[in-house]
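The structure appears below as structure tokens.
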Amino acid sequence: MMDKTFDPAAVEARVSAAWEQADAFRAGRSERAGAEPYCIMIPPPNVTGSLHMGHALNNTIQDILARFERMRGRDVLWQPGMDHAGIATQMVVERKLAETRQPDRRTLGREEFLRRVWAWKEESGGTIIGQLKRLGASCDWSRERFTMDEGLSRAVLKTFVDLHAKGLIYRDKRLVNWDPKFQTAISDLEVQQIETKGHLWHFDYPVVDEAGAETGEIITVATTRPETMLGDTAVAVHPDDERYTALVGKHVRLPLVGRLIPIVADSYSDPEKGTGAVKITPAHDFNDFEVGRRAGVSAINILDPEARIQIAGNAAFLEGAAPEDAAMALDGLERETARKQVVALMEERGRLRMVEPNTHAVPHGDRSGVVIEPYLTDQWYVNVKPLAERALQAVRDGQTRFVPDNYEKTFFQWLENIEPWCISRQLWWGHQIPVWYDDEGNWFVAGSEAEALAQAETKHGRPVALTRDPDVLDTWFSSALWPFSTLGWPDATPELARFYPTNTLVTGKDIIFFWVARMMMMGLQLTDRAPFDTVYLHTLVRDEKGAKMSKSKGNVVDPVDLIDRFGADALRFTLAALAAPGRDIKLGPQRVESFRNFATKLWNAARFAELNGCALKADFRPEDVKETLNRWALTEAAKAVTEVAQGITVYRFNDAAAAAYRFVWNVFCDWYLELAKPVLQGEGVDPAARAETQATVAFLIDQIAKLLHPFMPFLTEELWAIKGEVLPETRGLLALESWPDLSAYADAEAEAEIGWLVELISEIRSARSETSVPAGAQVPLVMVAADDTVRARLDRWSETLVRLARLSEIGHAESAPKNSVQLLVRGSVAALPLEGIVDLAAEVARLKKEGGKARAEIAKLDGKLNNADFIARAPEEVVDEQRERRDAEAARLAKIEEALARLTDA
């Protein structure tokens with residue numbers, strides 16, 4: 001006997017244990033040895049992480065695909081694993097040391113600190129894996145990998161050595177995003193641009209003649225970073241700016257510093273902005289760095305790794321300079337303090353022309369929270385230009401496609417303008433760079449220290465001492481190898497041969513460049529094949545008002561909390577149902593609760609079936625069903641199976657979920673079981689008809705379990721087990737069952753009859769609602785010029801019509817009675833005479849008034865949405881809200897106009 005209510009917590013634990021005991025998700029099962037493989041690589045969550053809503057969406061989509069393809073008979077590998085997440089993990093452990101008042105990492109030393117990190121990883125790093133299991137993720141957990149396990153580390157080592165040997169990895173002095181708190185280079189993804197209220201200072205630089213004497217002319221530059229002027233090496237003006245044509249090629253004397261710097265012509269300078277002249281500080285601005293390279297001027301770093309002014313003993317700063325004592329006194333100051341001092345010094349010398357307020361984006365470290373500094377330093381780089389060309393060609397040739405396809409444009413834009421990839425990080429946690437240095441600064445790239453020592457001995461003709469590079473590789477470097485390193489590359493393993501290239505990559509649109517593109521570049525370079533055939537890019541999950549979730553706003557929705565409250569199935573189905581391509585998801589508890597109600601609806605329907613003797617029959621043959629109602633239900637089920645499969649196949653998960661929902665809630669629960677009640681519960685019913693209906697209901701609950709399993713695995717697995725208890729032989733897990741194929745049971749004749757009945761009742765109900773017929777009132781129905789087919793249907797279903805449409809009687813006429821609402825249902829005309837029941841004239845007036853309000857609101861919203869300034873300035877969530885309101889008003893107006901058309905015809 002089924003429990004009265006569905007208890008997600010109890011069911012999820014029981015079902016999870018059954019899956020685990022059966023090793024249900026293991027790839028390479030013996031019975032699927034000859035099956036077509038299907039492989040998804042999980043975007044490895046950070047070892048520091050816990051399940052957030054982006055993970056929940058991402059992994060729900062992956063699981064829908066994995067379970068669907070597994071049911072379609074394929075040998076599925078959903079490869080799980082975690083990323084070591086260099087800076088994030090190191091930060092967590094360092095913070096833990098500080099909180100417990102233990103020595104910091106530098107006091108501990110590298111070896112002891114890394115031992116602590118590994119211990120923390122073993123203790124706490126698997127939190128998210130447990131949470132993914134709670135979500136129902138059907139990964140092959142026996143194959144869990146970690147980006148720093150032995151096999152993946154060997155792949156990283158080989159990649160670095162091989163790419164260096166080919167000249168694709170090299171060392172260079174360039175600008176990087178530098179985090180002064182963590183004292184490391186970081187990627188663009190780890191930089192957060194924050195709008196900041198500041199100032200724009202205008203400084204006068206004196207022009208000098210060939211002898212270095214001031215001519216009396218000045219050139220004014222504007223800057224938001226006065227302290228960086230200490231490292232200026234040029235002033236740039238636009239080559240077409242006639243104001244400065246005569247000055248190009250001349251020099252100015254840099255105030256405070258005394259260095260002579262050239263005035264250069266470069267199109268980077270915008271004549272329309274400020275004075276049209278810009279100071280060039282190549283060591284502290286990415287644009288200036290490029291201008292400096294084009295102009296051939298030097299780059300002078302005037303900051304130390306902690307972003308303090310460093311000029312004493314700074315040979316590059318002192319060369320050609322004659323700094324004032326006041327300038328030298330800036331040495332060692334923090335950036336903000338030095339900024340104030342420089343402004344004060346320039347004002348004292350009459351070089352500060354003006355100050356104006358200025359709001360601009362300032363880069364901050366997303367984890368440290370400090371201002372990021374463009375910083376000139378020696379780092380290791382990958383020359384990704386030739387790798388990018390191959391990745392671009394793979395997309396152009398159709399080896400890899402993007403869904404939605406508009407993201408191809410983003411992919412092309414990034415890769416066509418790609419810059420060298422800085423892969424070194426000044427951290428301890430990560431893959432240590434396999435480079436050793438001798439005392440002369442020569443470096444040796446090797447797979448081991450022994451190999452490096454041998455190389456050094458060959459070079460010097462004698463043994464020499466070497467020191468290993470202390471830096472580690474960017475986390476994205478090892479992540480770029482994920483699709484094949486997890487399968488055993490560089491060894492030619494059976495798993496690599498069977499599952500690589502993989503099939504679908506599911507990931508967020510925000511890491512197309514950082515991860516997707518790099519996996520493609522590395523995959524093509526190292527394996528000569530694109531690592532996946534399809535990249536499905538999902539959107540963001542926002543709060544219920546459309547705002548981006550953030551801890552600072554206090555609007556973060558915890559998926560584990562929602563699972564605890566409503567069950568994993570409800571959360572999964574909600575995310576699938578809202579995953580419309582290209583549209584961010586607005587998620588709140590109410591939405592999840594509504595799909596919890598969907599789970600409850602199905603559970604109650606299954607209990608109703610049990611209470612009415614609807615049990616599975618081992619010898620049931622759907623093709624032999626005779627009752628029209630049952631043949632119709634099978635037809636609708638076949639349609640739903642096709643629509644759900646099509647939706648999943650083309651990555652329209654919202655359409656697939658909508659088709660499943662429509663069939664289960666509307667067709668099966670609301671219509672089929674309702675229409676079947678007289679057969680199941682009535683007296684004097686043909687026993688054969690009742691038995692057939694009972695068997696069909698039970699069969700369809702099984703098909704619903706299959707249909708919904710990719711979306712709601714726990715509930716469906718439980719129903720499958722409960723309903724199968726009556727069968728003579730024990731059946732296996734639903735997770736390993738076949739996807740349903742009901743196409744042979746479609747019956748057009750049955751659909752025509754029951755479909756007509758359902759639409760007629762629905763139209764009558766809509767007309768009653770739209771014309772404000774009192775809920776308890778019974779109204780007559782008149783069929784107009786009905787043919788023999790319609791009359792026969794009415795004879796068979798008149799009792800049902802009267803009961804479900806709340807009719808007083810059913811009659812026939814050659815034309816519609818006066819003052820009646822007319823309904824057109826599949827070619828037949830029905831009329832509802834409402835005289836004496838509804839004041840039709842008053843109802844028309846009311847509807848016209850409502851229609852006028854709706855049109856006015858639509859016009860108001862269109863005014864906003866057609867305003868380019870509003871679209872550009874308003875927050876994204878506000879624009880989305882206006883669009884949704886406009887859609888809702890348009891839908892309301894359509895209903896009003898439909899109701900008016902009926903009443904006007906009356």
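In what follows, residues are counted from 1 in the order of the sequence shown.
- Using a 4.0 Å cut-off between a side-chain N of Lys or Arg and a carboxylate O of Asp or Glu, Lys509 and Asp584 qualify as a salt bridge.
- In terms of heavy-atom proximity, Leu152 sits nearest to Thr147 at CD2-CA, 3.5 Å.
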Verdict with reasoning, Thr507 to Met519, per side chain to side chain contact (heavy atoms under 4.5 Å, CB included): CA-CA 12 Å; Thr507 190; Met519 281 190 289; over 6 Å; no
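- With respect to the salt-bridge test (charged N to carboxylate O, under 4.0 angstrom), the residues Glu99 and Lys96 do not qualify.
- Across Pro363 and Gln193, no two heavy atoms sit closer than the pair N-OE1, 3.5 Å.
- Note that CH2 of Trp78 is 9.0 Å distant from CG of Leu65, once rounded to the nearest 0.5 Å.
- Contact annotation: the side chain of His709 never approaches that of Trp739 to less than 4.5 Å [non-hydrogen atoms, C-beta and beyond].
- Under the 4.5 Å side-chain criterion, counting only non-hydrogen atoms from C-beta, Leu505 is not in contact with Thr400.
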Asp63/Arg572 under salt bridge (charged side-chain N to carboxylate O under 4.0 Å, His left out): CA gap, chis, key distance, verdict: CA-CA 10 Å; Asp63 195 48; Arg572 289 168 58 109; 2.7 Å; yes
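- Salt-bridge check for Arg72 with Glu69: passed, with a basic side-chain N closer than 4.0 Å to an acidic carboxylate O.
- Figure legend: cation-pi geometry between Arg67 and Trp19, with NZ or CZ positioned under 6.0 Å from the six-membered ring centre and within 45° of its axis.
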Gln62 and Asn58: CA distance, side-chain angles, deciding distance, side chain to side chain donor-acceptor pair (under 3.5 Å) verdict: CA-CA 6 Å; Gln62 289 178 84; Asn58 182 286; 2.3 Å; yes
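- A donor-acceptor contact shorter than 3.5 Å is absent between the side chain of Gln90 and the backbone of Ile87.
- Of all heavy-atom pairs spanning Thr539 and Gly582, the tightest one is CG2-C, 3.6 Å.
- Between the side chain of Ser138 and the backbone N or O of Phe25 there is no donor-acceptor pair closer than 3.5 Å.
- Side-chain N or O atoms of Gln882 include none that pairs as donor or acceptor with a backbone N or O of Lys864 at under 3.5 Å.
- Looking at heavy atoms from C-beta onward, Arg145 lies in side-chain contact with Gln79 at the 4.5 angstrom threshold.
- Of the charged side-chain nitrogens involved, at least one lies within less than 4.0 Å of a carboxylate oxygen, so that Asp564 and Arg134 count as a salt-bridged pair.
- Atom CH2 of Trp603 is separated from atom CG of Leu715 by 7.0 Å, given to the nearest 0.5 angstrom.
- Between Pro43 and Val506 there is no side-chain heavy-atom pair separated by less than 4.5 Å.
- Listed for the Ser478 side chain is a donor-acceptor partner under 3.5 Å among the backbone atoms of Thr475.
- Enclosure of atom NZ in Lys197 is not indicated, since only 12 or fewer non-hydrogen atoms of other residues, nucleotides or ligands lie within 6.0 angstrom.
- Inter-residue side-chain proximity for Glu593 and Arg565 is flagged as unmet; no heavy-atom pair is nearer than 4.5 Å.
- Side-chain N or O atoms of Ser769 include none that pairs as donor or acceptor with a backbone N or O of Ser766 at under 3.5 Å.
- The backbone N or O of Val11 sits nowhere less than 3.5 Å from a side-chain atom of Glu718 that would complete a donor-acceptor pair.
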Between side-chain atoms of residues 405-416 and protein atoms elsewhere (two or more places apart, or another chain), which donor-acceptor pairs fall under 3.5 Å?
none

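- For the pair Glu717 (side chain) and Leu734 (backbone), a donor-acceptor distance under 3.5 Å is present.
- With respect to Lys586 and Asp880, no salt bridge is recorded, no charged nitrogen being found less than 4.0 Å from a carboxylate O.
- Within the 3.5 Å criterion, the main-chain N or O of Leu708 finds no donor-acceptor partner in the side chain of Thr716.
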Step-by-step side chain to side chain donor-acceptor pair (under 3.5 Å) determination, Thr649 to Gln646: CA-CA 5 Å; Thr649 303; Gln646 174 68 10; 5.4 Å; no
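- Panel note: side chain Thr196, backbone Ile194; a donor-acceptor pair is recorded below 3.5 Å.
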Evaluation steps, salt bridge (charged side-chain N to carboxylate O under 4.0 Å, His left out), between Glu190 and Arg367: CA-CA 8 Å; Glu190 296 161 309; Arg367 291 185 174 88; 3.5 Å; yes
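- Using a 4.5 Å heavy-atom threshold, the side chains of Trp482 and Thr502 count as separate.
- With Phe711 as the fixed residue, the ring pair (Phe, Tyr, Trp, His ring centres under 6.0 Å) test singles out one of Phe68, Phe598, Phe573: Phe573.
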Intermediate values then yes/no, side chain to side chain contact (heavy atoms under 4.5 Å, CB included), Phe595 and Phe566: CA-CA 9 Å; Phe595 287 111; Phe566 305 115; over 6 Å; no
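- Residues Asn177 and Asp188 share a closest heavy-atom pair of ND2-OD1, 2.7 Å.
- The structure places CG of Leu865 at 6.0 Å from CZ of Arg883, a figure rounded to the nearest 0.5 Å.
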Side chain to side chain contact (heavy atoms under 4.5 Å, CB included) between Ile372 and Asp179, worked out: CA-CA 5 Å; Ile372 294 303; Asp179 189 313; 3.9 Å; yes
Side chain to side chain contact (heavy atoms under 4.5 Å, CB included) assessment of Glu144 paired with Met82: CA-CA 8 Å; Glu144 185 182 328; Met82 291 182 294; 3.6 Å; yes
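- For Ile128 against Pro45, the heavy-atom pair with the smallest separation is CD1-CB, 3.5 Å.
- Using a distance-only test at 3.5 Å, with no hydrogens or angles considered, a donor-acceptor pair links the side chain of Trp429 to the main chain of His84.
- The heavy-atom pair separating Asn503 from Tyr38 by the smallest distance is OD1-CA, 3.2 Å.
- Contact annotation: the side chain of Leu132 approaches that of Ile42 to within less than 4.5 Å [non-hydrogen atoms, C-beta and beyond].
- Rounding to the nearest 0.5 Å places CG of Leu135 at 9.5 Å from CG of Asp569.
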Identify each donor-acceptor pair in which a side-chain atom of residues 656-667 lies under 3.5 Å from a protein atom, sequence neighbours left out, and give them as a table.
residue	atom	partner	partner atom	Å
Arg662	NH2	Glu636	OE1	3.3
Trp665	NE1	Asp670	OD2	3.3

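- Side-chain contact between Thr60 and Phe653 is absent, with no heavy atoms from C-beta onward closer than 4.5 Å.
- Look at Arg583 and Glu884 and you find a salt bridge, because one of the NZ, NE, NH1 or NH2 atoms lies within 4.0 Å of a carboxylate O, short of that distance.
- Rounding to the nearest 0.5 Å gives a distance of 6.0 Å between CZ of Arg425 and OG of Ser187.
- Separating the OH atom in Tyr651 from the CD1 atom in Ile648 is a distance of 11.0 Å, to the nearest 0.5 Å.
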